[in-house]
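Heads up: the structure comes next, in structure tokens.
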2 protein chains.
Amino acid sequence: MGLAGRIILGDCIAAMESLPPASVDLVFADPPYNLQLQGELHRPDDSRVDAVNDDWDQFESFAAYDAFTRAWLSAARRVLKPDGSLWVIGSYHNIFRVGTALQDLGFWVLNDVIWRKANPMPNFRGRRFTNAHETLIWASREAKARYTFNYEALKAGNEDVQVRSDWFLPLCTGEERLKDDTGRKVHPTQKPEALLARVLLASSKPGDVVLDPFFGSGTTGAVAKRLGRRFIGIERDPAYARAAEARILSVEPLEEASLAAFTTAREAPRVAFASLIERGMISPGTVLTDEKGRYQAIVRADGALVAGPQVGSIHKIGALVQGAQACNGWTFWHVNDNGRLSPIDALRARIREEMGVA
Amino acid sequence: MGLAGRIILGDCIAAMESLPPASVDLVFADPPYNLQLQGELHRPDDSRVDAVNDDWDQFESFAAYDAFTRAWLSAARRVLKPDGSLWVIGSYHNIFRVGTALQDLGFWVLNDVIWRKANPMPNFRGRRFTNAHETLIWASREAKARYTFNYEALKAGNEDVQVRSDWFLPLCTGEERLKDDTGRKVHPTQKPEALLARVLLASSKPGDVVLDPFFGSGTTGAVAKRLGRRFIGIERDPAYARAAEARILSVEPLEEASLAAFTTAREAPRVAFASLIERGMISPGTVLTDEKGRYQAIVRADGALVAGPQVGSIHKIGALVQGAQACNGWTFWHVNDNGRLSPIDALRARIREEMGVA
DNA sequence: AATAAAGATGAATCCGCAC
DNA sequence: TGTGCGGATTCATCTTTAT
């Protein structure tokens with residue numbers, strides 16, 4: 001088993017410009033945070049906090065950071081497919097700059113998502129609230145994009161309740177945290193795989209191409225490989241890139257059965273109401289009612305419904321009799337099935353079953 | 001007892017410019033969010049969502065919104081004392097613009113704080129994550145300010161634990177929500193008093209002057225009066241200002257002794273099956289069975305279960321394989337744990353223990 | 001009167017294909 | 001590129017009505 005993706009060594013803007021346009025389904029970016037730490041930070045016991053102050057994280061000014069941000073976001077936008085989307089993670093130091101820049105460039109914000117940390121670092125000086133979260137922005141390439149969102153699958157894994165914009169997850173520690181020979185962490189801001197897993201499961205499909213322009217220790221690549229996505233990682237530090245490659249090589253992809261897309265109600269093939277009549281499931285002249293028997297309509301041979309002087313589709317007539325804006329006729333209208341009311345949607349389900357679509 | 005503060009009727013920028021410089025200890029601002037709503041939105045039951053589409057929330061472009069933001073932030077900065085601080089609340093529609101502007105103007109971000117809504121409006125169309133939070137930015141007037149932060153009092157009121165940057169609070173509804181004679185809400189975006197109470201308790205002292213340039217229905221004034229702070233509220237809509245005045249007049253100030261409480265709302269402990277997978281307690285592809293091994297299902301990476309052609313939650317699939325109406329998947333499904341079947345509910349209990357929600 | 005069922009509602013950038 | 005229309009979609013909480 002190979003890498004199941006590629007790691008490009010070099011500057012992320014140049015590397016993205018070398019990629020073909022509209023070739024990427026999803027971008028996940030964890031850009032430098034522009035932390036303006038003044039001096040070193042010490043814990044109450046005087047031990048030094050291993051803060052994020054590597055060279056790559058220093059920017060002279062907000063203007064320089066903004067220019068850098070616009071440059072990489074523009075490059076990312078070029079390589080994104082029209083229906084692709086982008087995630088960026090950041091903290092209050094940089095996320096407002098990033099959010100403003102991506103809105104200005106035409107990205108369309110879909111959600112901001114809060115990663116609530118289960119075990120954040122306390123505020124040792126007691127001068128602020130414990131900084132217990134980071135912010136992710138999820139945005140489509142443009143306002144009208146038909147982006148991927150696996151709503152039903154996420155809901156099924158979440159007690160049948162739709163997933164909220166605040167996610168509670170532990171930090172990346174322990175076994176998962178990459179360490180070098182001397183036991184020191186390889187990368188200062190390694191993200192937990194659980195976070196990337198949620199991102200990829202929510203907004204990409206198996207086989208999609210996921211680009212991470214700030215690859216670092218390769219969490220995006222590791223999770224992409226495991227979840228059957230392809231990846232492109234760009235990293236300018238050879239040491240990080242080597243660590244990422246070794247890490248990803250040891251990842252086992254999951255079986256297809258635990259990944260396959262399932263057909264949702266939205267994607268299920270259309271069934272015409274007339275086909276119920278053609279198959280003899282409903283006879284012309286049958287009286288349909290709503291669940292409580294308050295409204296009724298008569299089935300015509302051509303699949304239209306009649307309610308008084310009105311003729312129309314099951315949806316139109318359903319809306320009309322209720323005085324509603326819209327109506328799903330499949331769930332609204334019922335037939336009398338041996339003395340019990342049953343929605344005509346049950347008949348549609350039988351047809352779909354025959355068609356071999358669950 | 002009078003108002004214990006003043007309400008200025010008029011444009012907030014002009015009004016702030018008429019105030020003396022360096023005269024205010026704290027600013028709390030709830031500016032327009034620039035929502036940019038398109039058409040109407042209906043709930044699945046066809047009822048119409050009462051959207052915020054008031055004139056005051058309409059801006060021509062991001063540039064226009066940015067200009068407005070910079071103008072009011074500049075005016076607010078002038079009236080702030082050197083050691084004063086400022087809070088702004090917003091959503092992803094506007095908060096990045098606000099955060100960028102205030103950083104550019106020299107404010108120093110101390111925290112971003114997440115208001116996690118206990119009862120947010122769902123995403124009715126299932127196209128995004130539930131937008132379940134709003135963001136507050138807390139910033140001092142300048143980087144070296146000796147701002148007020150009542151660390152010890154907050155910690156003491158929070159079970160001796162540092163207060164985190166994510167706050168779980170319900171929406172402003174019920175009795176607290178101001179209604180007019182016809183029973184309609186007075187203001188479309190009234191904030192909960194508990195939110196303002198946390199802000200004022202954290203970052204102001206009794207007797208401090210708190211300025212709210214977007215006073216609306218006067219939540220800031222009501223809480224300020226109750227907590228023994230003075231307030232200046234600026235509101236351009238006379239109807240809102242009148243409602244705010246009447247509201248605040250009926251507020252009783254609290255005794256000083258009872259001011260310190262920083263109580264946390266109780267969160268319903270809910271563990272998603274997907275989180276067992278994220279934490280590596282169950283691997284995708286694992287076969288779950290019932291207690292007697294009669295039924296089985298495969299765990300997907302996203303936390304759904306697969307049984308033959310069917311995909312769904314642990315509860316839905318549990319019900320389906322049994323032909324039952326409903327099923328508690330937590331107690332029905334078991335994993336093979338070293339040759340012994342153990343209910344997945346045992347794994348959930350371990351997570352709950354970690355979360356401290358036994 | 002007490003309990004249950006039904007209705008209302010909240011800062012929302014909320015569809016997609018065929019013609 | 002616009003229009004028409006099939007038909008898919010909701011959670012927690014508080015209030016009102018029914019039993």
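Values below: every heavy atom of this structure, side chains too, minus hydrogens, waters and symmetry copies. Each chain gets a letter, A, B and so on, in the order its sequence line appears, and its residues count up from 1.
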Base, sugar-phosphate, or nothing for [X], non-hydrogen atoms under 4.0 angstrom?
{"X": "B:G39", "value": "base"}
{"X": "A:E152", "value": "sugar-phosphate"}
{"X": "B:R125", "value": "base"}
{"X": "B:Q38", "value": "nothing"}
{"X": "A:R164", "value": "nothing"}
{"X": "B:N131", "value": "sugar-phosphate"}
{"X": "A:V271", "value": "sugar-phosphate"}
{"X": "A:T331", "value": "nothing"}
{"X": "B:P192", "value": "nothing"}

Side chain of [X] - closest among [options]:
{"X": "B:A51", "options": "C:dA6, C:dA12, D:dG6", "answer": "C:dA12"}
{"X": "B:D45", "options": "D:dT10, C:dG10, D:dA8", "answer": "D:dT10"}
{"X": "B:Y92", "options": "C:dT13, C:dA6, C:dC15", "answer": "C:dT13"}
{"X": "B:S47", "options": "D:dT9, C:dT9, C:dA12", "answer": "C:dT9"}
{"X": "A:A265", "options": "C:dT13, D:dA8, D:dG6", "answer": "D:dA8"}
{"X": "B:E134", "options": "C:dA11, D:dT9, D:dG6", "answer": "C:dA11"}
{"X": "A:K316", "options": "C:dT13, D:dC5, C:dA6", "answer": "D:dC5"}

Please report the distance separating the [atom1] of [N] from the corresponding atom of [M], rounded so that it comes out in whole Å.
{"N": "D:dG7", "M": "C:dC14", "atom1": "P", "value": "23 Å"}
{"N": "C:dA1", "M": "D:dA18", "atom1": "C1'", "value": "14 Å"}
{"N": "D:dA8", "M": "C:dA18", "atom1": "P", "value": "15 Å"}
{"N": "C:dT9", "M": "D:dT9", "atom1": "P", "value": "25 Å"}
{"N": "D:dT10", "M": "C:dA8", "atom1": "C1'", "value": "13 Å"}

Dot-bracket line, read 5' to 3' along DNA chain C, where crossing pairs take [ ] and | marks a partner on another strand, Watson-Crick or G-U under 3.5 Å: .|||||||||....|||||
Between [N] atom [atom2] and [X] atom [atom1], what is the distance in whole Å?
{"X": "A:Q325", "N": "C:dC14", "atom1": "CD", "atom2": "P", "result": "16 Å"}
{"X": "B:H42", "N": "C:dT9", "atom1": "NE2", "atom2": "P", "result": "14 Å"}
{"X": "B:R48", "N": "C:dA12", "atom1": "CZ", "atom2": "P", "result": "12 Å"}
{"X": "B:I95", "N": "C:dA11", "atom1": "CD1", "atom2": "P", "result": "16 Å"}
{"X": "B:K117", "N": "C:dT9", "atom1": "NZ", "atom2": "C1'", "result": "13 Å"}
{"X": "A:E267", "N": "C:dC15", "atom1": "CD", "atom2": "P", "result": "16 Å"}
{"X": "A:H315", "N": "D:dA8", "atom1": "NE2", "atom2": "C1'", "result": "10 Å"}
{"X": "A:F273", "N": "D:dG6", "atom1": "CZ", "atom2": "P", "result": "13 Å"}

Chi-based syn or anti call at D:dT9, which uses purine or pyrimidine torsion atoms and a 90° bound: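 Here D:dT9 takes the anti form, which means its glycosidic angle is more than 90° from 0.
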Want to settle it: does B:P188 or B:N123 sit nearer the 5' end of DNA chain C, counting the closest nucleotide to each?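 Nearer the 5' end of the strand: B:P188.
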Between B:F129 and A:W167, ring centroids under 6.0 Å: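 Judged by ring-centre distance (under 6.0 Å), B:F129 and A:W167 do meet the cut-off.
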For residues A:W138 and A:F149, establish whether the separation of their ring centroids is below 6.0 Å.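 Between A:W138 and A:F149, the centre distance is under 6.0 Å.
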Just wondering, are more than 12 heavy atoms of other shown residues or ligands nearer than 6.0 Å to CD in A:E291?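 Counting neighbours around CD of A:E291, 12 or fewer heavy atoms of other residues, nucleotides or ligands fall under 6.0 Å, so no.
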With a sphere of 6.0 Å drawn around NZ of A:K205, does it hold more than 12 non-hydrogen atoms of other residues, nucleotides or ligands?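 For A:K205, atom NZ is not crowded (no more than 12 foreign heavy atoms under 6.0 Å).
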Spell out, as yes or no, whether a donor-acceptor pair under 3.5 Å connects the side chain of A:R77 to the backbone of A:R141.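 Answer holds: yes.
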For B:V113, is there any backbone N or O sitting under 3.5 Å from a side-chain donor or acceptor partner on B:N111?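 Such a contact is absent between B:N111 side chain and B:V113 backbone.
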Using the side-chain contact (heavy atoms from CB on, under 4.5 Å) rule, take B:T130 and A:V161 through it: C-alpha gap first, then chi angles, then the decisive distance, then the call. CA-CA 10 Å; B:T130 310; A:V161 175; over 6 Å; no
Are any of B:R127's side-chain N or O atoms less than 4.0 Å away from OP1 or OP2 of C:dG16?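 Result: yes.
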In residues 108-116 of chain A, which residues come under 4.0 Å of DNA chain D by heavy atom?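 When residues 108-116 of chain A is checked for heavy atoms under 4.0 Å from DNA chain D, there are no hits whatsoever.
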Strictly under 4.0 angstrom, non-hydrogen atoms only: write out the protein contact profile of nucleotides 11-19 of chain D, one letter per nucleotide from the 5' end, B, S or -. BSSSS----
Does B:R184 get its side chain close enough to the base of C:dT9, under 3.5 Å, for a donor-acceptor pair?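 No pair found.
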